[in-house]
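Here's the structure we're looking at; comments come further down.
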Amino acid sequence: MRKGVLLITGASSGIGAATARAASREGYKLVLAARSVDKLTALAQELGPENVLTCELDVTNREQQLSMVEQAIETFGRLDAVFANAGRGGSPGGFSEADPDAWREMILTNIYGVGLTLQACLPQLKRSKGHVLLTGSAAGRTTIPGSMYSATKWAVTGIGYNLREELRGTGMRVTLIEPGMVDTPFFDEPPEHALADRDIANAVVYALSQPAHVDVNEILIRPTPPLE
């Protein structure tokens, strides 16, 4: 696609912030949304505020989602791509002992929040024949004992497949970005043998950069296994 306007949720840190930096280098105008306003403001200053709009966003809040898109159109006049990246983890304990309140927040963020982002953005993306990218996970492609988080990412995989069918024939594209272990603030302790957030950002930019007749359906990306 031509360089245009890219909206990123969960943009204040980790994969979202790394993708903002990578897309900025490629010449995209950016709409950066997250709950952490201070981090968004600092990132916008780093990237050049004249090409960045920041929006405070709780992805489970429909009014905030709609306001985000309205602000994007008022500022840049169009929306060409959205990276529905916001997500959160759960709590240990498996299905037997995990904190059910943590489940609720995770399910609302990882599934309902993605749905709200799509619903808010699709009218404008249909006008531009735009591109939808979703942060799934390798955890949404395999079985992990007791993991509600994995179940939410299976749901994101399903959203990507089903959205692609809904949009078939519209000229729009849908890409699932499915990382394995990534060293981001998602983890309390840095994981070993992990990808860097910039590795996932590079995958997003690759998918965005393909010509209009190329639809990169999925990118499953894992760290190279350690040497034995």
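When reading the values below, keep in mind they use all heavy atoms of this one structure, side chains included, and skip hydrogens, waters and symmetry mates.
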Measure from the side-chain N and O atoms of [X] to the backbone N and O of [Y], and report whether any donor-acceptor pair falls under 3.5 Å.
X	Y	answer
Q64	D58	yes
T109	M106	no
N217	D215	yes
T9	A86	yes
S67	E63	no
N202	D199	no
S91	D99	yes
T175	L133	no
T152	I107	no
W154	Y149	no

Without hydrogens or angle criteria, can the side chains of N85 and T135 be said to hold a donor-acceptor pair below 3.5 Å?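 Result is yes, a qualifying pair exists.
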
Under the side-chain hydrogen bond (donor to acceptor under 3.5 Å, both in side chains) definition, can you give me all pairs with a residue in residues 32-46, not counting sequence neighbours?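 Residue pairs with at least one partner in residues 32-46: R21-E46.
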
Can you pull out every side-chain hydrogen bond (donor to acceptor under 3.5 Å, both in side chains) where at least one residue sits in residues 112-126? Sequence neighbours excluded, please.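 Sorted pair list: Q65-T117.
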
Between [atom1] on residue [X] and [atom2] on residue [Y], distance to nearest 0.5 Å:
X	Y	atom1	atom2	result
Q71	L57	CD	CG	10.0 Å
L6	H131	CG	NE2	10.0 Å
T54	L30	OG1	CG	11.5 Å
T75	L53	OG1	CG	4.5 Å
W103	F95	CH2	CZ	6.0 Å
L40	C55	CG	SG	8.5 Å

Co-membership, hydrophobic cluster, residues [X] and [Y], 4.5 Å side-chain:
X	Y	result
L108	I111	no
V214	V205	no
Y206	V182	yes
Y28	L47	yes
M181	L220	no

Which heavy atom of [X] sits nearest a heavy atom of [Y], and at what distance?
X	Y	answer
I144	A139	CD1-CB, 3.7 Å
I15	P179	CD1-CG, 4.3 Å
V114	A84	CG1-CB, 4.5 Å
M68	A33	SD-CB, 3.6 Å
L125	L79	CD2-O, 3.7 Å
R173	L208	NH2-O, 3.9 Å

Does the side chain to side chain contact (heavy atoms under 4.5 Å, CB included) test come out yes or no for S128 and R78, once each step is laid out? CA-CA 7 Å; S128 63; R78 61 184 297 122; 3.6 Å; yes

Report yes if the side chains of [X] and [Y] come closer than 4.5 Å at any heavy-atom pair, otherwise no.
X	Y	value
V132	L118	yes
K153	V156	yes
L167	V174	yes
I159	T157	no
L176	Y161	yes
L116	V59	no
P123	R127	yes
T143	S150	no

Salt bridge check: are R164 and E218 linked by an N-O gap of less than 4.0 Å?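 No, R164 and E218 are not salt-bridged.
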
Out of L134, L7, I8, which one pairs with F83 under the side-chain contact (heavy atoms from CB on, under 4.5 Å) rule?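 Looking at L134, L7, I8, the match for F83 under the side-chain contact (heavy atoms from CB on, under 4.5 Å) is I8.
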
Count the heavy atoms belonging to other residues, nucleotides or ligands that lie under 6.0 Å from CD of E97, then report whether that count exceeds 12.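 For E97, atom CD is not crowded (no more than 12 foreign heavy atoms under 6.0 Å).
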
